[in-house]
Peer 1: 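Here's a structure for you.
One-based numbering, in listed order, for ligands and for the atoms of each.
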Amino acid sequence: MTLEQRLKYLKRSLANITQLRECPGCGGKTLSVIDKKYVVTWLLNCKDCGLSHRHPKDDKAWLERFYQKEYSIDTHMMTNLPSDAEIIQLKADCFPKLRSYDSYINALSTKPNQDIKVLDYGCSWGYNVFKLQSSGFDATGFELSKPRAAFGKEKLGVEIFTNLNSIPKDLDMMLSSHVIEHLSDINAFIDLAKKHLKKDGLFVAYCPNGGNEYRLREPHIWHVNWGAVHPNYLDVHYARHIFRHNPYLLLTDDWQYDPEILANWDGKKQIQGSKLDGKELLIIAKPNTILA
Ligand SMILES: [Zn+2]
């Protein structure tokens with residue numbers, strides 16, 4: 001964050017300091033303070049659902065404006081849009097620095113790639129959509145920021161929806177990478193996934209691991225990872241709670257996962273990996289399938 005952004009955040013937090021302390025996930029009021037920053041922000045953990053979240057919270061209208069106009073992480077390609085020449089090279093090389101989801105998707109599905117309909121939710125200008133399409137998947141994206149969506153459509157020729165109602169309703173997978181920790185309403189996000197996924201469709205979300213096991217391993221990075229743009233800090237406890245009626249596979253690792261672990265999940269049981277101190281949390285669940 002720049003100094004100006006930090007001051008704005010502090011001002012906003014101070015203005016909301018008297019806000020009711022209430023879990024944004026379940027409305028629970030049994031909350032414990034597990035971390036704090038800048039005197040006027042706290043990380044609270046909900047005893048009822050397990051969601052760790054920042055207090056004070058941002059309102060939805062403010063967040064929408066923020067993601068339309070102000071959001072920038074200077075060093076990241078997401079907001080530093082490349083030149084036309086750079087894009088030609090990136091396309092030719094198929095965005096080599098980006099994580100490839102191919103082996104994970106293939107581990108989770110036996111269908112041929114062209115029959116797997118996947119939406120990248122929060123896709124920015126669609127570089128992952130392009131990468132997925134290049135691997136043959138039936139991929140589209142959703143992005144709140146209209147300028148970034150328009151840029152991706154123009155430069156990469158990919159389909160990026162900016163209206164939630166336009167998202168197809170027969171998705172095999174709704175993928176999101178480092179999106180869920182930014183949202184003001186996680187329940188609405190999961191409801192959206194339910195509405196747009198097939199009966200056995202997969203909700204797949206990557207996010208920073210807010211678990212205590214990771215905190216013990218890298219306390220400084222754990223502390224840095226929540227705050228202004230990350231109001232939610234998810235861990236396996238919360239993931240187990242939100243998908244308590246559904247089959248799931250919950251893993252934490254350092255950005256890379258063993259595809260064999262994904263392939264070994266039968267899609268019917270609730271499985272939590274044995275490694276809990278990874279930097280990242282990977283939630284895979286079938287929100288439209290109720291456990292037998
Ligand atoms: Zn809660």
Peer 1: Return each pair, listed once, that meets side chain to side chain donor-acceptor pair (under 3.5 Å) where at least one residue sits in residues 154-169; pairs must be two or more places apart or across chains.
Peer 2: Asp84-Lys155
Peer 1: If a pair satisfies ring pair (Phe, Tyr, Trp, His ring centres under 6.0 Å) and one of its residues is in residues 155-181, list it, with sequence neighbours excluded.
Peer 2: His178-Trp255
Peer 1: Measure up the His223 and His220 rings against each other and bin them: parallel (under 30°), tilted (30 to 60°), perpendicular (over 60°).
Peer 2: tilted
Peer 1: Whether the Arg240 and Gln272 side chains hold a donor-acceptor pair (N or O, under 3.5 Å, no angle test) is what I'd like checked.
Peer 2: yes
Peer 1: List the residues meeting side chain to side chain donor-acceptor pair (under 3.5 Å) with Ser83, not counting sequence neighbours, and say none if there are none.
Peer 2: Glu86
Peer 1: So what's near the Zn ion (ligand 1), protein N, O or S atoms under 2.8 Å?
Peer 2: Cys23 SG, Cys26 SG, Cys46 SG, Cys49 SG
Peer 1: Which residue, Tyr121, Tyr248, Phe189, forms the ring-ring contact (aromatic ring centres under 6.0 Å, His included) with Phe203?
Peer 2: Phe189
